[in-house]
Amino acid sequence: MQGVWKKSAGSNGEKRTKALQKGTIAYIIEKLLMRPVETARLPARRCMTILSMGSVITLKYEFTTIEKKWQKKWLEEKTYAAEEKSAKPKFYGLVEFPYPSGQGLHVGHPRPYTAMDIVARKKRMDGYNVLFPIGFDAFGLPTENYAIKNHVHPAKVTRDNIAHFTEQLKMLGFSFDWDRVVDTTDPAYYKWTQWIFLQLYKKGLAYKATMPVNWCTSCKCVLANEEVVEGVCERCGAPVIRKEKSQWMLKITAYAQRLIDDLDDLDFIERVKLQQKNWIGRSTGAEVVFKATTGDDIVVFTTRPDTLFGATYMVISPEHAFVKQWADRLTNLKEVEEYVAAAARKSDFERTELAADKEKTGVMLQGVRAVNPVNGREIPIFISDYVLATYGTGAIMAVPAHDTRDWAFAKKFGLEIIEVVSGGEDVQKAAFTAKDDTGILVNSGFLNGLTVKEAIPVITRWLEEQGIGHEQVNYKLRDWVFSRQRYWGEPIPMVWCDKCGWQPLSEDQLPLLLPDVESYEPTDDGESPLSKMTDWVNTTCPCCGGPARRETDTMPQWAGSSWYFLRYMDPHNDKALASKEALDYWSPVDWYNGGMEHTTLHLLYSRFWHKVLYDIGVVPTKEPYQKRTSHGMILGLNPHSFDNLSTEEQERLTAQYGGEKGARAHLVEQYGEMADHPIVKMSKSLGNVVNPDDVVKEYGADTMRMYIMFLGDFEKAAPWQTNAVKGCKRFLDRVWNLHEGQIAPGEGYSAANESAIHKAIKKVSDDIEAMKFNTAIAALMALVNDFYANGVNRADLKALLLMLSPFAPHIVEEMWEHLGFGVAGMACQQSWPVYDESKTVDAEVTIAVQVCGKMKTTIQAAADSEEEAVLAIAQADGKVAKAIEGKSLVKTIYVKNRLINLIVK
RNA sequence: GCCGGUGUGAUGGAAUUGGUAGACGUAGUGGACUCAAAAUCCACCGCCAGCGAUGGCGUACCGGUUCGAGUCCGGUCACCGGCACCA
């Protein structure tokens with residue numbers, strides 16, 4: 001017991017006052033423990049335990065045994081099951097459920113899970129009825145690919161992976177409610193995913209449209225975006241092109257405005273709100289009609305109607321309907337058609353390449369021109385793929401003087417650039433794009449002299465009066481492509497009848513089960529593997545009863561994850577996706593933590609579905625999640641980086657390549673740009689992935705949990721350093737050792753520790769709420785250091801254990817039991833300790849003394865002292881006196897309990 | 001290119017939001033204990049000068065506001081993440 005020994009042994013290395021005689025019980029125990037003991041302070045019961053068992057096992061911090069013991073107990077007693085109904089207030093904490101991949105859990109998973117586990121455990125101790133569930137997002141491509149490669153059914157792969165994940169999650173001691181696990185591939189679950197699809201269809205929010213898909217020219221199959229690597233097929237290396245295919249779409253754009261507006265009332269971190277807003281991309285502008293010389297109206301969308309006088313040409317997208325419509329008038333039809341064909345052939349990769357180059361391409365439509373409605377000037381029309389068919393109207397008016405893309409295009413094709421907003425540099429050299437009040441309209445008739453801001457409403461009103469335009473809002477957000485030509489997904493419950501068209505399955509036919517197929521390989525014609533199951537495909541029309549065919553595409557992985565949090569509220573319900581009572585009680589999710597990478601897809605999709613469910617009266621709240629926070633990634637050491645090589649290796653390379661610079665350049669050449677950085681993402685190919693199992697095996701789950709929370713700011717990316725894990729293990733060892741000897745009884749906190757304990761409770765409570773887990777742990781470490789310095793009584797130790805319990809639950813329960821606190825139930829079932837604000841302030845404070853803003857020294861003063869008193873103490877200080885000697889005091893600035901600044905001349 | 005974020009010791013990171021820069025860890029150095037090692041305990045640990053008391057410098061860089069700036073403002077550079085011709 002070091003804390004006790006310190007008193008007799010002294011802090012500066014005095015010899016121990018009492019030498020133990022060889023052969024005594026105390027001597028043997030000391031040898032076994034490998035540290036000093038004092039038998040007088042070791043309870044007789046413990047001595048007997050040691051002797052009767054012939055080992056010190058009950059005294060050592062045997063984390064493996066302890067962790068297994070408590071995990072078993074929690075599971076058997078359903079310690080963390082949420083109560084169906086309760087007088088307590090509710091708290092619903094949610095983490096993103098994992099995709100159960102074959103590799104199992106990696107250290108990226110426990111970071112957010114441990115964080116929310118700590119919050120959930122703290123909330124229980126705060127008296128909440130807590131729902132903290134987990135499940136598996138198990139449909140998806142990797143499982144399907146694994147199944148194809150290894151000839152195992154994806155359902156079996158999924159089952160095995162889920163079993164493995166479950167075991168790993170349990171090993172880390174998360175307080176999940178294991179009775180509420182959901183699995184998106186379970187028919188009892190996806191029945192309701194299909195049901196929601198039918199509701200979307202009935203509301204007119206699901207429709208068929210022709211969309212381009214990635215098509216591998218060699219495998220003759222549709223690829224997901226992630227299967228296309230640098231423009232070629234991941235599997236065979238053949239080029240990937242875009243091919244038109246009829247797909248189910250969900251009309252998320254109908255909810256664009258509400259998805260923006262309703263963010264205001266939510267407690268999401270700003271980054272998330274901003275990213276969603278930018279993704280939805282609302283922009284206000286105007287639609288303007290340009291007459292073509294054919295007599296057709298060309299409608300363009302512009303955010304800068306004020307620059308209308310500067311429009312010197314038009315551009316329409318190669319896919320625009322007018323291109324075909326005007327075919328017989330075009331004198332350069334062949335050239336135009338070639339350009340259209342080339343644009344269609346382009347893969348996304350090539351388009352991106354071109355964008356990076358900023359090299360504009362296009363063809364002028366010879367034989368058709370347009371008229372600028374403000375000044376009657378005839379201007380040429382081009383087709384170019386920098387104008388997207390999918391945004392706005394697929395046609396633009398080009399104002400090269402004030403748009404960088406138009407400017408680049410005009411320069412390349414030698415088109416006229418007319419300045420209509422003054423205030424920038426020469427528009428012949430670069431476009432002037434400022435939208436604020438710095439620019440004044442020129443060369444613009446009735447708009448001359450106005451600022452850009454003033455001109456926009458004036459021109460918009462004029463367009464409306466003329467009947468050739470109006471204000472228009474556009475969104476970047478596009479509708480959600482909902483079909484996948486894949487096996488391992490939810491079947492879409494729709495039937496095609498040649499007579500009646502698309503018909504929804506009736507709800508009592510759900511779930512529409514995914515049939516077993518022989519092969520999950522994609523088909524040669526790009527259809528889903530389900531299309532080969534003729535028995536399944538051929539059915540009868542729900543409308544006329546005639547022969548009909550099922551939809552063979554399946555849903556994307558986003559489907560199941562768009563509503564899973566609702567299922568947790570009532571996971572075994574077979575009458576509804578969840579009962580009304582459960583939805584009313586648990587909605588909304590109070591706190592949802594997840595990765596930033598899900599901000600624009602999963603998070604937005606699920607908000608959209610939830611709003612649809614709200615509109616049809618299924619869920620009680622407009623929004624699914626009240627609060628959203630986000631964690632940073634765990635990074636790994638880069639084994640190819642110079643900084644992470646062994647000293648010998650560094651020396652060898654330095655010698656070989658002429659200095660460190662040469663060696664680094666060599667590594668970059670060999671391994672790519674990534675070799676520049678000592679810290680990189682963890683990835684299998686780099687071999688720097690850390691497996692939580694290994695850490696748990698070597699140090700225990702509690703140490704793993706402590707370290708992953710201690711390694712840095714939760715919201716920021718942080719590198720994993722295995723050697724630093726020890727620090728947390730040492731801390732837990734020190735906590736454990738606190739209870740090995742005798743502890744002073746004490747009902748209240750010991751005088752020496754009282755203030756530190758109150759401060760720690762305040763700090764830890766606040767930090768958990770703010771997700772500053774690293775500083776909360778630092779505060780606990782500091783408290784334990786205090787305990788070692790001051791000694792500790794039972795009440796002190798009890799407070800420490802309660803605070804530590806959310807972080808390191810296993811060791812706490814074990815110590816709690818040893819110390820006899822267990823009669824009141826487990827530590828995790830106790831109330832969170834309270835602090836007394838008045839006891840968090842010290843009677844005496846340290847005050848910094850500055851002279852003319854320069855730090856000179858610190859002084860001690862009674863708390864809340866008045867300025868005069870502090871000034872007197874400061875002036876009496878030798879250093880201060882010396883600094884102000886011979887000068888006169890002009891002014892003092894005093895910050896209570898903190899600082900006094902003497903200004904002298 | 002645009003949007004967002006970050007830049008602090010050898011190292012991961014703290015800093016009451018404008019008030020003692022480097023808490024708490026890791027690594028390192030010295031010491032105690034040990035036959036020895038491990039473990040544990042004690043002390044030191046930003047840089048420069050000095051035996052020392054002490055003095056000077058220091059939060060990517062340049063400048064500003066302020067009694068006082070890691071924190072606020074202007075500019076520059078570097079890195080990370082997201083989007084990628086959105087009219």
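The sequence lines fix the lettering, A, B, ..., with proteins before strands; numbering per chain opens at 1.
Protein atom CG of L601(A) is 12 Å distant from nucleotide atom P of rG82(B), rounded to whole Å. Between the CZ atom of F787(A) and the C1' atom of rC41(B) there is a distance of 19 Å, given to the nearest Å. Between M781(A) atom CE and rG12(B) atom C1' there is a gap of 12 Å when expressed in whole angstrom units. As rounded to whole Å, 10 Å separates atom C1' of rG82(B) from atom CG of N278(A). Taking atom CG on D733(A) and atom C1' on rA38(B), their separation rounds to 14 Å, with Å as the unit. As a whole-Å value, the separation of L780(A) CG from rA23(B) C1' is 14 Å. The interatomic distance linking K726(A) (NZ) with rG25(B) (P) rounds to 15 Å, in whole Å. For the pair L738(A) CG and rC41(B) C1', the interatomic distance rounds to 14 Å; values are reported in whole Å.
The backbone N or O of V421(A) sits less than 3.5 Å from a side-chain atom of H402(A), completing a donor-acceptor pair. Judged by distance alone, with hydrogens and angles left aside, the side-chain atoms of D306(A) form no donor-acceptor pair with the main-chain N or O of V452(A) at under 3.5 Å.
Remark: R734(A) is in phosphate contact with rC41(B), judged by side-chain N or O atoms under 4.0 Å from OP1 or OP2. The phosphate of rC83(B) has neither OP1 nor OP2 within less than 4.0 Å of any side-chain N or O from T600(A). When the side-chain nitrogen and oxygen atoms of R730(A) are compared with OP1 and OP2 of rC41(B), none of them lie within a distance under 4.0 Å.
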Subject >> Strand RNA chain B in bracket notation, Watson-Crick/G-U under 3.5 Å with | for pairs to another chain >> reply: (((((((..(((......[....))).(((((.......))))).((((....))))..(((((..]....))))))))))))....
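Using a 4.0 Å heavy-atom cutoff across all strands shown, N785(A) reaches sugar-phosphate atoms only and no base atom.
Taking atom P in both rA43(B) and rA23(B), the straight-line distance is 15 Å, to the nearest Å. Taking the P atom of each, rG74(B) and rU65(B) are spaced 15 Å apart, rounded to whole Å. Separation of the C1' atoms belonging to rA69(B) and rU40(B) is 43 Å when rounded to the nearest angstrom. Taking atom C1' in both rU16(B) and rG12(B), one finds a spacing of 22 Å when rounded to whole Å. One P atom belongs to rC61(B), the other to rG81(B), and the distance between them is 24 Å to the nearest Å. The C1' atoms of rC72(B) and rU66(B) are separated by 10 Å, rounded to the nearest whole Å. Spacing between rU11(B) and rG5(B) at atom P, rounded to whole Å, works out to 26 Å. With C1' as the reference atom, rC47(B) and rG31(B) are 26 Å apart, rounded to whole Å.
Proximity note for L274(A) (side chain, C-beta onward) versus rU11(B), rA87(B), rG4(B): the nearest is rG4(B). When distances run from any side-chain atom of N723(A) to the nucleotides rU11(B), rA27(B), rC85(B), the shortest one goes to rA27(B). Closest contact between the side chain of T302(A) and the listed nucleotides rA87(B), rG12(B), rG4(B) involves rA87(B).
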Subject >> Working for side-chain contact (heavy atoms from CB on, under 4.5 Å), residues F807(A) and I777(A) >> reply: CA-CA 8 Å; F807(A) 295 87; I777(A) 290 171; 3.8 Å; yes
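Between the side chains of Q276(A) and T600(A), not a single donor N or O lies within less than 3.5 Å of an accepting N or O. Residues D713(A) and N774(A) have side chains that never bring a donor and an acceptor to within less than 3.5 angstrom of each other. For the 3.5 Å distance criterion, the side chains of Y339(A) and T361(A) qualify, holding a donor opposite an acceptor. A side-chain donor-acceptor contact under 3.5 Å links T846(A) and Q860(A). A donor-acceptor contact under 3.5 angstrom links the side chains of N785(A) and R734(A), judged on distance only. Side-chain contact annotation: D842(A) with S755(A), donor-acceptor N/O pair under 3.5 Å present. Side-chain N/O atoms of D479(A) and T253(A) include a donor and acceptor closer than 3.5 Å.
By the rule that a glycosidic angle within 90° of 0 means syn, rU17(B) counts as syn. In textbook terms, a nucleotide whose glycosidic angle is within 90° of 0 is syn, and rG9(B) is one such case.
Within 6.0 Å of NZ in K411(A) there are more than 12 heavy atoms belonging to other residues, nucleotides or ligands.
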Quick test: give all pairs of protein nitrogen or oxygen and nucleotides 14-20 of chain B nitrogen or oxygen below 3.5 Å, distance rounded to 0.1 Å.
{"residue": "rA14(B)", "atom": "OP1", "partner": "N774(A)", "partner atom": "ND2", "Å": "3.1"}
{"residue": "rA15(B)", "atom": "OP1", "partner": "K772(A)", "partner atom": "NZ", "Å": "3.2"}
{"residue": "rU16(B)", "atom": "O2", "partner": "R898(A)", "partner atom": "NH2", "Å": "2.9"}
{"residue": "rU16(B)", "atom": "N3", "partner": "R898(A)", "partner atom": "NH1", "Å": "2.2"}
{"residue": "rU16(B)", "atom": "N3", "partner": "R898(A)", "partner atom": "NH2", "Å": "2.9"}
{"residue": "rU16(B)", "atom": "O4", "partner": "R898(A)", "partner atom": "NH1", "Å": "2.3"}
{"residue": "rG19(B)", "atom": "N2", "partner": "Q850(A)", "partner atom": "OE1", "Å": "3.3"}

Using nucleotides 53-57 of chain B, report all nitrogen or oxygen pairs with the protein that are shorter than 3.5 Å.
{"residue": "rC57(B)", "atom": "OP2", "partner": "K854(A)", "partner atom": "NZ", "Å": "3.4"}

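The residue among K476(A) and I903(A) whose nearest nucleotide of RNA chain B is located toward the 5' end is I903(A). When each of F301(A) and P719(A) is assigned the nucleotide of RNA chain B bearing its nearest heavy atom, the one mapping closer to the 5' terminus is P719(A).
No cation-pi contact links K360(A) to F409(A), judged by a cut-off of 6.0 Å to the six-membered ring centre and 45° from its axis.
Once rounded to the nearest 0.5 Å, the distance linking CE of M706(A) with CG of D702(A) reads 8.5 Å.
Nearest heavy-atom pair, L800(A) versus L780(A), reported as atom, atom and distance to 0.1 Å: CD1-CD2, 4.2 Å.
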